[in-house]
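Note that the structure is predicted; figures quoted are calculated from it, not measured. Along the sequence shown, the residues carry numbers beginning at 1.
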Amino acid sequence: MPKSKRNKIVSLSKTKKKGREHKETIVKAIKEAAENYNSIYVFSFENMRNLKFKEFREKLKPTSRFFLGSNKVMQVALGRSASDEIGPGLHKVSKLLRGDAGLFLTNMPREEVESLFNKFEETDFARTGSVATEKVELLEGPLDQFTHEMEPFLRKQGMPVRLNKGVVELVSDFVVCEEGKPLSPESARILRLLGIKMASFRLHLICRWSPEDFELYKEALDDSDVESA
């Protein structure tokens, strides 16, 4: 009888070692990158879309490098205090790595970086739990955008529908979502079927560091206890 994979014993010491080695690799890579690029930025992101971010990263690969992952690991790499920072003032950058954030190291001119990040925006379908940006309501009557095969699926999403001579019909007004309220799984599916995109993937610059100076961007000043030098 073949052995069950479920019963396979995995040594915790091996998994811990692998995790530690991965973190050490990241720390080393960040330290090396800090020596090779002229400036370092901390950025935050909302509604991350991995494919779109990968495309953006590849576009800037010749002149820049991104790091995303554990904020704690990135902080360790840069230094958490003036005594262990790897560059003058980098502990200020380290303190701003919190929440959904990442590092961007580059040789690009400051103006070009700011322009790229400020203009970057990709719209996509909102996921479950995202906050609706508007109220969407469907009025009673035929739903010509849906085929008759979809009627059972729409009913499962809570929509009051029926087939009328092969046409999907809404028997009463139906609110898909309310502005400012989180989307349910059903609401997110219906919005996708309707082709309504409510999610906006954006990147926001928090600070810029170079060996000569450190700057906090205006949007980050209210939330930070770090002073701009």
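Clustering ILVMFWY residues whenever any of their side-chain heavy atoms sit less than 4.5 angstrom apart, transitively, puts Phe67 in the very cluster that holds Ile40. Cluster membership for Leu138 and Leu163, using ILVMFWY side-chain heavy atoms within less than 4.5 angstrom, is shared. Taking hydrophobic clusters as Ile, Leu, Val, Met, Phe, Trp and Tyr residues chained together by side-chain heavy-atom distances below 4.5 Å, Met74 shares a cluster with Tyr37. Using a 4.5 Å cut-off between side-chain heavy atoms of Ile, Leu, Val, Met, Phe, Trp and Tyr, with links allowed through other members, Leu183 and Phe153 fall into the same hydrophobic cluster. No path of Ile, Leu, Val, Met, Phe, Trp and Tyr side chains, each step under 4.5 Å between heavy atoms, connects Val131 with Met198, placing them in separate hydrophobic clusters.
Contact detail for Phe125 and Arg192: the closest heavy-atom pair is CD1-NH1, 3.5 Å. Smallest separation of non-hydrogen atoms from Ala126 and Ala199: CA-CB, 3.8 Å. Considering all non-hydrogen atoms of both residues, Leu78 and Leu90 come closest at O-CB, 4.0 Å. The shortest heavy-atom contact between Val42 and Ala101 is CG1-CB, 4.4 Å.
Counting only heavy atoms from C-beta outward, the side chains of Lys95 and Lys92 never approach each other to under 4.5 Å. Side chains of Phe146 and Leu194 form a contact here, defined as non-hydrogen atoms less than 4.5 Å apart. Between Leu193 and Gln157, every side-chain heavy-atom pair lies at or beyond the 4.5 Å cut-off. Within the 4.5 Å cutoff, side-chain heavy atoms of Phe43 are placed close to those of Leu68.
Phe66 and Phe53 have perpendicular rings, their planes meeting at more than 60° on a 0 to 90° scale where under 30° would count as parallel.
Screening Lys119, Glu111, Glu112 for a side-chain contact (heavy atoms from CB on, under 4.5 Å) involving Ser115 leaves a single residue, Lys119.
Salt-bridge check for Arg208 with Glu114: failed, with every basic side-chain N at 4.0 Å or more from each acidic carboxylate O. Under 4.0 Å is where a charged nitrogen must lie from a carboxylate oxygen, and between Arg202 and Glu121 at least one such pair does. Taking 4.0 Å as the cut-off between side-chain N and carboxylate O, Glu151 and Arg155 count as a salt-bridged pair.
Within the 6.0 Å centre-distance limit, the rings of Phe117 and Phe56 are counted as a close aromatic pair.
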